[in-house]
Amino acid sequence: MPATVLVGTQWGDEGKGKVTDLISGEFDCVCRYQGGANAGHTVIANGHKFGLHQVPSGVMYEGVTPVIGNGCIVDPKILLEEIDMLEGQGVSCAMLKISGNAHIVMPYHMDLDGANERRLGKNLIGTTHRGVGPCYQDKDARIGLRIQDMLDEKIFRQKLEAALVEKNAILEKVYEMPTYTVDQICEEYLPYADRLKPYIVESSKLLNEMLDDGDNILFEGAQATMLDIDHGTYPFVTSSNCTAGGAITGSGVGPTNIDRVLGIAKAYLTRVGSGPFPTELAQGDEIGERLCEVGHEYGVTTGRKRRCGWYDAVVVNYAARVNGLTDLAITKLDVLGCLDTIKVCTAYECDGVRYTTVPEHQSVFYHAKPVYVEMPGWKCDISGCRNFYDLPREAKDYLDLIEQLSDVRVSIVAVGPDREQTINRHWK
Ligand code: IMP
C-alpha cells in the first residue's frame, strides 16, 4: 500500500477533510497536490473544530509528515496564520514541509481575481476571491514567483519587478485599480520568507525517498472532479487538476506508486459558485432548505450558502472513470434522515436522448433533465451507527444503489462530523 489518492467526486465540500483526518493515521505522510487557500477542509478532533485552508489535514496526527506539494499555490499570510492557529490549539506543525516549487499568491492576484469577477458580471464564476485563477495563470505564463524565490531576496526582487510590469499595467489601465511597487510587496513578503524557511524542501525528492523507505503516502485532493480545470464544468471550475492525475504532476511521484484512489461523495449534492448543476433543488425549495440547514451547508472559506440537490450518480460515475476510483466514501448520510423520501439521479435526458455519463458537450449538460429513482427515507437518527448492519434497511438500500450505479465499492460511510461517527466497511 505505497500511495493512495483521495479525491472529491462532485463539486467540492464532500467532507474530504473528515475522511483525510480519519485515515491519516495509517499513513506516514499526507501531501496536498493542488489548489491553495480556496480549499476549506473542516476537521473535528478532540472536541475542537478546525477549518484548514492551506495545511494538509494530516497535520492533526503526530508522526505524520504534512507536505504542501509543488502543484499547490501558497498564500504565505494565510498559511502562517493557520500555523499559528494550530500551534495555539496544541497541534504541532513542526513536521510541515513546503515544496520550493509551489507558487506564491501575491496581493495583485487577489485584486485581479475580484476585478475579473466584476468584469464578468452576471457570468461570474463565483470564485473564492483567494487569487487562485490569476496565480495559476502566472504559473502557466511563466511569470509566477515560487516559494524558493523567497529564499533569495535578489531573485525575488528581480522576478517581482518583471511580473509587476504586466500586472501594474493591467491593474491601472484595464481596471483602474491601485498598483504595487517592488518595495511595498517585499516589505510584506520577505518577513514571511524568514518564517517559512525552515519548512521549505525539495518535496519530490522527499516523497520518493519516503516511498523507497517503505512509507505510505496519502495524496489529499482539494476541490473536486467537477471543478477540475480539464475534466470539470469549464469555465465554472478552479484552475488546477483536482483529479487523481494531479497527484502525479503536483507531487513529483510516479503513477506506478499509486495503488488506491478513494473518491469522496456526499450522500446528496452541493455546489458553491456558478455553473450547471442538473439535480439542484430550486432556491427556496423546502427539501433544499432542510438539507442546507441540517447539513450546515455554508462554505468554510467564504461562508456562502451552498446550492443543494439530490445525489447524482451520473456525476459520481464519471468521477469513477476519470479518477480510476477503487473505493468510495459516502459522507453525511445522517443528514438524509430528515427526509420522507430520497431521490437519486440515475441518468439525464436532453432532447429525447438519455445519458448515463456526463455529456461531453456543455450545452447538453446545461439542459440535462435528471431522471430519478425515488426511495423511502429511514426517518431516524443514524449518527450512532458504527456498523453497516446497524443501519436501517432503507439506508443500506440507498448505499447498495450508490454502489451499483458507480460500480465502486462503498468502503467508508460517515454518519456525523466526528472522527468516531464513521462506518468502516472495507477500508483496511
Ligand atoms: P477559485 O478556486 O477560487 O478560483 O473558484 C473557482 C470555483 O471553484 C468557484 O465556483 C468556487 O466556488 C469553487 N471552489 C473553489 N474551492 C472550493 C472548495 O474548496 N469547495 C467548493 N468549491 C470550491
Side-chain angles (χ1 to χ4, degrees), residues 6-20 32-43 50-57 68 71-75 78 82 103 105-106 108-120 122-140 220-243 246 250 263-266 268-277 280 292 295-309 315 319 331-332 362:
L6 181 146
V7 284
T9 60
Q10 299 158 328
W11 276 284
D13 308 315
E14 295 94 349
K16 294 182 289 296
K18 160 161 173 153
V19 181
T20 309
R32 266 202 54 193
Y33 57 87
Q34 45 74 227
N38 49 346
H41 291 168
T42 309
V43 178
F50 299 90
L52 302 178
H53 301 285
Q54 289 268 201
V55 177
S57 308
I68 298 178
C72 296
I73 55 172
V74 175
D75 184 318
I78 294 178
E82 209 163 290
H103 278 246
V105 179
M106 307 298 277
Y108 47 80
H109 291 141
M110 307 275 202
D111 295 349
L112 291 168
D113 197 350
N116 209 26
E117 287 283 86
R118 285 192 292 280
R119 179 179 58 78
L120 287 168
K122 67 175 180 33
N123 295 322
L124 91 175
I125 290 163
T127 73
T128 57
H129 287 246
R130 294 292 173 101
V132 172
C135 183
Y136 277 114
Q137 226 172 305
D138 281 2
K139 173 179 175 173
D140 284 353
E220 177 188 13
Q223 291 84 49
T225 303
M226 299 307 275
L227 291 172
D228 180 283
I229 185 84
D230 284 288
H231 301 291
T233 45
Y234 192 89
F236 301 104
V237 292
T238 190
S239 296
S240 60
N241 282 118
C242 322
T243 44
I264 316 298
K266 204 183 277 191
Y268 49 99
L269 202 43
T270 60
R271 176 169 198 170
V272 279
S274 323
F277 178 0
E280 180 172 15
C292 184
H296 307 291
E297 297 298 351
Y298 296 89
V300 181
T301 306
T302 59
R304 286 180 290 179
K305 187 175 174 182
R306 296 175 183 144
R307 299 155 65 189
C308 292
V315 160
T331 60
K332 292 193 154 185
Q362 58 187 346

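Ligands are counted one by one from 1 in listed order, and the atoms in each one are counted from 1 as well. Sequence positions, counted from 1, serve as the residue numbers for this chain. Values reported hereafter were calculated over all heavy atoms of this structure, with side chains retained and with hydrogens, waters and symmetry mates removed.
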- Message: Please check whether H129 reaches ligand 1 - meaning an N/O of the residue sits under 3.5 Å from an N/O of the ligand, judged on distance alone.
- Response: no
- What is the distance from atom OH of Y268 to atom SG of C292, rounded to the nearest 0.5 Å? 8.5 Å
- Message: Can you tell me which portion of R304 lies within the under-4.0 Å heavy-atom range of ligand 1? Options are side chain, backbone, both, or neither.
- Response: side chain
- Taking both backbone and side-chain atoms of T128, is any N or O found less than 3.5 Å from an N or O belonging to ligand 1? yes
- Taking atom 5 (O) of ligand 1 as the reference point, the nearest protein heavy atom with its distance: T127 CA, 3.3 Å
- Sub-4.5 Å side-chain heavy-atom contact between M226 and Q10: no
- Note: ligand 1 atoms sitting under 4.0 Å from heavy atoms of W11 are 21 (C), 22 (N)
- Go through the steps to decide whether T128 and R130 satisfy the test side chain to side chain donor-acceptor pair (under 3.5 Å), and finish with yes or no. CA-CA 5 Å; T128 57; R130 294 292 173 101; 5.5 Å; no
- Task: Answer side chain, backbone, both or neither: which part of F236 comes under 4.0 Å from ligand 1, heavy atoms only.
- Result: neither
- Task: For V237 and ligand 1, answer yes if some heavy atom of the residue is under 4.0 Å from a ligand atom, otherwise no.
- Result: yes
- Query: For ligand 1, is there an atom lying under 4.0 Å from some heavy atom of Q223?
  - Reply: yes
- Option among V237, N38, D13 that satisfies the side-chain contact (heavy atoms from CB on, under 4.5 Å) test with Q223: N38
- Item | Proximal candidate to atom 11 (C) of ligand 1 [heavy atom criterion; set G126, G17, P134, S274] | G126
- Query: Excluding sequence neighbours, so at least two apart, what forms salt bridge (Lys or Arg N to Asp or Glu O under 4.0 Å) with E297?
  - Reply: K266, R306, K332
- Does S239 come within less than 4.0 angstrom of ligand 1, counting non-hydrogen atoms of the residue? no
- Message: As a quick check of understanding, evaluate side chain to side chain donor-acceptor pair (under 3.5 Å) for D138 and H109, giving each step before the final call.
- Response: CA-CA 9 Å; D138 281 2; H109 291 141; 2.9 Å; yes
- Considering only protein heavy atoms, which is closest to atom 21 (C) of ligand 1, and at what distance to one decimal place? D13 OD2, 3.1 Å
- Query: Which one of T238, L227, N116 has a non-hydrogen atom at the shortest distance from atom 1 (P) of ligand 1?
  - Reply: T238
- Could you tell me which non-hydrogen atom of C135 sits nearest to which non-hydrogen atom of H103, and how far apart they are? SG-CB, 4.1 Å
- Which atoms from ligand 1 have a heavy atom of V272 less than 4.0 Å away? 10 (O), 12 (O), 21 (C), 22 (N)
- Message: In this structure, does ligand 1 have an atom that sits under 4.0 Å from one of the heavy atoms of A222?
- Response: no
- Query: If only atom types and distance count, is the side chain of D228 paired as donor or acceptor with the main-chain N or O of T243 below 3.5 Å?
  - Reply: yes
- CG of N116 to NE2 of H129, rounded to nearest 0.5 Å, is 9.5 Å
- Message: Please check this pair: side chain of E117 against backbone of T127, looking for a donor-acceptor N/O pair closer than 3.5 Å.
- Response: yes
- Message: Tell me the protein heavy atom at minimum distance from atom 18 (C) of ligand 1, and give that distance in Å.
- Response: N38 O, 3.9 Å
- ligand 1 atoms nearer than 4.0 angstrom to some heavy atom of G40 are 19 (O)
- Should you measure from each heavy atom of A39, which atoms of ligand 1 turn up under 4.0 Å away? 19 (O)
- Message: I'd like to check the salt bridge (Lys or Arg N to Asp or Glu O under 4.0 Å) partners of E280; sequence neighbours left out, ordered by chain and number.
- Response: R307
